[in-house]
Amino acid sequence: MKPHTPLPESFGKVVGELPEAGRLPAGQQFPFGTLQPSHDGYVERNGVKSWYAVYGESGPWIAFAPTFQVAHSQLLKATVPYLAEHFRVVTMDGRGNGRSDRPQGQDAYSFEHYYQDFLAVLDAAGAERLAVVGISATAMTALRFAAEHPERASHVIVAGGFAEARLDDPKAAERARKESEFTRNDFASYLEWFFSICFTEPHSTKPIEDGVRYGWAASGELVAWARTGWLGNDVTELARRVRCPTLVLHGDGDKRVPYERGEAIARLVPGARMLTIGEGGHLTAARDPVVFNRAVRDFVAGSPRTGTWVRAMGRKRRALFISSPIGLGHVQRDLAIARELRKLQPDLEIDWFTVDPAARYLLQEGERLHPITRRLANESRHFEQVAGEHDLHAFFALRTMDEIMIDNFMTFSDLMDAEHYDLVIGDEAWEVDYYYHENPELKRQPFVFLTDFVGCVPMDGDEREAHLCADRNADDIEHVARFPYVRDAAIFVGNPPDVTEQTFGPGLPRIRDWTDRNFAYTGYALPFDPRAFADTDKLRARLGYGRDERIAIAAVGGTSVGKHLLTKIAQALPHMRREVPDLRMIMVTGPRIKPESLPRVEGLEIRPYVHNLFEHLACADVALVQGGLSTCMELVATRRPFVSFPLQRHFEQCVHVRRRLSNYGADRAVSYAALAPEQLAEQTLQALHTPVMYKPVETDGAARAARRIAEVLDNRWWVK
């Protein structure tokens with residue numbers, strides 16, 4: 001189907017091709033984990049090397065002047081990956097931090113050095129004409145560049161900036177002296193103080209924590225020298241000479257650079273526009289990246305993209321289904337819901353918004369992926385990078401996924417700008433839900449949110465984790481209370497007893513009570529009808545298994561986090577076969593574990609991927625699984641024996657999933673860490689020989705969810 005508005009080529013390939021599985025990770029090599037630079041390198045001036053990088057392959061140039069050396073270019077992680085989809089973006093680490101040199105002595109740190117380093121980087125990058133962005137002190141760099149090089153400056157963007165840092169006022173000089181002493185004498189406390197006044201917005205624990213981490217790439221002495229280099233400078237006269245379009249962004253709650261300093265720049269530069277961030281703090285690019293990214297994009301790009309407008313009554317009914325790509329369970333139930341929704345709304349066309357491995361599954365099922373999904377950063381890869389040996393601290397994995405979340409939301413936002421949808425459905429689409437609540441004016445269509453757990457739960461018992469969990473939960477609670485219209489419906493894929501009775505944190509409500517008030521329960525949504533698999537002999541014959549074979553299946557989902565578990569299971573197989581010599585084990589590695597990385601054992605068959613694995617599990621004599629909700633519930637529904645190995649410190653698997661399985665009489669969890677291969681074999685054989693006594697799993701969950709979604713689509717949700 002032709003889009004209503006033509007999309008740029010960068011949006012993706014033709015519909016039906018498998019998109020690239022997210023952009024390649026940079027790991028520790030580059031500052032942005034979701035994007036590699038098109039090229040990077042160093043420039044050297046007077047023996048000091050400054051690192052720079054260029055992101056993006058085409059479009060106008062944008063360059064970020066290097067920040068105050070209390071941070072480096074990773075401060076821009078929420079903006080550069082998105083802007084690089086539309087522009088060629090230059091970033092650099094200022095001398096004294098990041099990957100640039102750290103020369104010693106005050107003489108190496110001056111505004112002149114910072115400015116000349118920036119010019120040298122622009123020349124090395126090949127940026128002849130560009131929009132220059134100055135954040136905080138680097139507004140002086142941007143304004144000077146535009147005044148002295150009018151032929152090269154296409155636009156100026158100043159965020160939280162000032163045009164002068166004069167010290168002729170004795171009070172200002174004394175403040176500067178005291179701050180330098182603070183920096184040198186107690187750098188740890190200084191960093192906490194500095195970033196707490198940069199991020200005064202509520203629930204800013206993550207950007208504050210990030211800022212402190214960036215600061216530790218320098219030292220108190222270096223930062224004191226660097227600050228002194230910024231002080232005593234005045235570019236107000238140069239600002240009056242700027243003739244290119246200029247945008248000034250400033251938070252009216254900025255505690256580091258008062259709002260009046262931004263207003264002064266807007267008055268100095270002829271024709272400058274001003275965008276006030278109401279109740280915003282100092283670093284908009286980091287704390288409110290959606291508004292920053294869109295403002296910069298629109299300001300530099302100029303007039304809106306040309307396209308085709310289709311009259312409202314000529315538009316087909318369309319829904320966008322966002323499916324979490326962590327594993328395969330979400331997408332299988334989402335497809336079941338989508339198929340039930342099509343029964344209710346036969347004219348509804350559904351596009352899918354996800355990446356591998358979910359994207360590959362959908363294509364095999366004949367579904368349509370929107371081509372823009374090739375731009376999405378891969379969440380599975382992030383979880384794999386932060387996991388240990390069968391150990392995934394899920395809360396901190398989610399917490400450190402902020403760059404991926406903003407990058408993927410901006411991709412979603414571009415799609416919403418370009419095309420019309422009658423409905424957006426998000427299964428654990430945390431990024432869309434969060435940034436819609438932070439930017440409710442962007443919501444243009446009904447939004448239905450689905451999840452199978454509510455509330456982050458601390459696992460380690462330490463005060464820091466408990467505080468951060470409570471802060472995140474409180475942010476979500478406040479969002480929903482203030483903007484209840486963002487979620488036109490909120491669906492809990494399960495039943496009331498599946499929700500934990502714990503509180504969200506000190507002084508916060510019980511999770512179950514809050515969920516009762518804010519979600520509709522639909523029961524669990526299976527991707528199949530268990531009655532279709534009741535005849536095990538018939539199912540085995542169809543799948544190629546012998547009627548009397550003893551079959552064990554080991555599977556760990558769609559990520560590579562389960563590699564250690566599969567290795568231990570393979571080592572346990574010889575012990576199992578001593579008691580059951582004909583035991584045949586089929587090990588499904590999933591699309592992200594290389595089969596050759598696992599041990600070769602007699603009786604073990606390794607398959608990289610099995611489409612609709614639930615069919616095979618339904619006729620297995622025993623299954624060994626990681627502990628995710630979907631696979632376990634499929635085993636419960638088909639009444640198969642199994643052993644699960646929840647990932648250590650994974651609050652969803654260890655708390656939410658186990659509670660739900662217990663409700664069905666099916667909590668079969670054992671500790672991975674406590675089991676040697678011999679004990680693992682013993683646990684497996686015990687499960688093999690123990691009759692199951694599970695409670696039935698409801699079979700109408702997908703249909704109930706679809707009916708709730710259809711009510712929103714037909715605007716009937718309020719008629720009760």
Side-chain angles (χ1 to χ4, degrees), residues 321 323-324 327-346 348 350 358 361-362 365 367 425 427-428 448 450-453 489-499 515 519-540 542-543 553 555 557 610-620 623 625 628-642 644 656-668 691-711:
F321 210 133
S323 186
S324 173
L328 291 171
H330 292 96
V331 73
Q332 289 177 333
R333 78 172 178 218
D334 292 342
L335 183 54
I337 293 170
R339 286 169 171 164
E340 293 292 336
L341 184 58
R342 285 173 176 139
K343 294 177 184 177
L344 301 172
Q345 305 282 343
L348 182 67
I350 298 176
Y361 179 83
L362 288 167
E365 290 292 319
E367 295 292 317
I425 309 164
D427 186 351
E428 296 192 8
V448 176
L450 294 87
T451 186
D452 56 38
F453 79 94
I491 294 173
F492 185 87
V493 184
N495 301 301
D498 298 330
V499 183
T515 306
F519 281 81
Y521 295 99
T522 62
Y524 190 73
L526 287 167
F528 58 85
D529 186 340
R531 291 170 294 188
F533 303 141
D535 189 336
T536 304
D537 292 342
K538 182 179 179 181
L539 180 61
R540 284 193 169 198
R542 178 166 67 84
L543 297 176
I553 295 180
V610 175
H611 194 64
N612 286 336
L613 178 62
F614 53 77
E615 296 181 335
H616 299 256
L617 292 171
C619 62
V625 296
L629 177 63
S630 300
T631 304
C632 290
M633 288 298 292
E634 290 162 9
L635 289 162
V636 174
T638 54
R639 308 189 67 77
R640 309 316 297 168
F642 72 95
S644 69
H656 295 295
V657 173
R658 291 194 64 183
R659 177 184 177 90
R660 188 187 299 240
L661 292 175
S662 179
N663 292 337
Y664 288 90
D667 183 5
R668 298 298 184 90
V692 299
M693 301 293 290
Y694 309 145
K695 295 179 181 177
V697 177
E698 53 272 32
T699 58
D700 63 344
R704 290 168 62 187
R707 286 196 297 271
R708 186 70 182 88
I709 294 168
E711 290 174 351

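In this text the structure is predicted, and so the values were computed from the model without any measurement.
Here the side chains of Arg660 and Tyr524 are in contact, with some heavy-atom distance below 4.5 Å. Arg659 is not listed as a side-chain neighbour of Phe453, based on a closest heavy-atom distance of 4.5 Å or more. Thr522 is not listed as a side-chain neighbour of Leu450, based on a closest heavy-atom distance of 4.5 Å or more. Under the 4.5 Å side-chain criterion, counting only non-hydrogen atoms from C-beta, Leu328 is not in contact with Ser630. A heavy-atom distance below 4.5 Å is not found between the side chains of Val636 and Lys695. Within the 4.5 Å cutoff, side-chain heavy atoms of Arg707 are placed close to those of Leu344. Under the 4.5 Å side-chain criterion, counting only non-hydrogen atoms from C-beta, Val499 is in contact with Tyr521. Side-chain contact check for Arg668 versus Val692: some heavy-atom pair is nearer than 4.5 Å.
Scanning all heavy atoms of the two residues, the minimum distance from Cys632 to Phe642 falls at SG-CE1, 4.0 Å. For the pair Ala618 and Leu539, the tightest heavy-atom approach, listed with the atom from each and the gap, is CB-CD2, 3.8 Å. Pairing each heavy atom of Ala525 with each of Val493, the nearest pair is N-CG1, 3.6 Å. Scanning both residues, Ala338 and Ile350, for their nearest heavy atoms gives CB-CD1, 3.8 Å. Pairing each heavy atom of Leu526 with each of Ala336, the nearest pair is O-CB, 3.6 Å. The shortest heavy-atom contact between Leu613 and Ala555 is CD2-CB, 3.6 Å.
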Q | side chain to side chain contact (heavy atoms under 4.5 Å, CB included) evaluation trace for Val697 with Met633 | A | CA-CA 8 Å; Val697 177; Met633 288 298 292; 4.0 Å; yes
Q: Given side chain to side chain contact (heavy atoms under 4.5 Å, CB included), test His611 with Glu365 step by step and report yes or no.
A: CA-CA 10 Å; His611 194 64; Glu365 290 292 319; 2.6 Å; yes
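Atom OH of Tyr361 sits about 14.5 Å away from atom NE2 of His330, to the nearest 0.5 Å. For the atom pair CG of Asp537 and CG of Asp535, the computed distance is 6.0 Å after rounding to the nearest 0.5 Å. Separating the CG atom in Leu543 from the OG1 atom in Thr536 is a distance of 11.0 Å, to the nearest 0.5 Å. Asp334 CG to Glu428 CD: the interatomic distance, rounded to the nearest 0.5 Å, is 9.0 Å. Atom-to-atom distance recorded for Glu340:CD and Leu335:CG is 10.5 Å, nearest 0.5 angstrom. Taking OG1 from Thr699 and CZ from Phe528, the interatomic distance works out to 10.5 Å, rounded to the nearest 0.5 Å.
Asn495 contributes no side-chain N or O that, together with a main-chain N or O of Pro497, makes up a donor-acceptor pair within less than 3.5 Å. With hydrogens and angles ignored, the 3.5 Å screen pairs no side-chain donor or acceptor of Tyr694 with any backbone N or O of Leu661. When atom types are taken as modelled, the side chain of Thr638 and the backbone of Glu634 share a donor-acceptor pair closer than 3.5 angstrom.
Between Phe492 and Phe519, the ring-plane angle classifies as perpendicular under the 30° and 60° cut-offs.
Between Glu698 and Arg704, no side-chain nitrogen of the basic residue sits less than 4.0 Å from a carboxylate oxygen of the acidic one, so the salt-bridge criterion is not met. Here Asp452 pairs with Arg333 in a salt bridge; the nearest charged N to carboxylate O distance falls below 4.0 Å.
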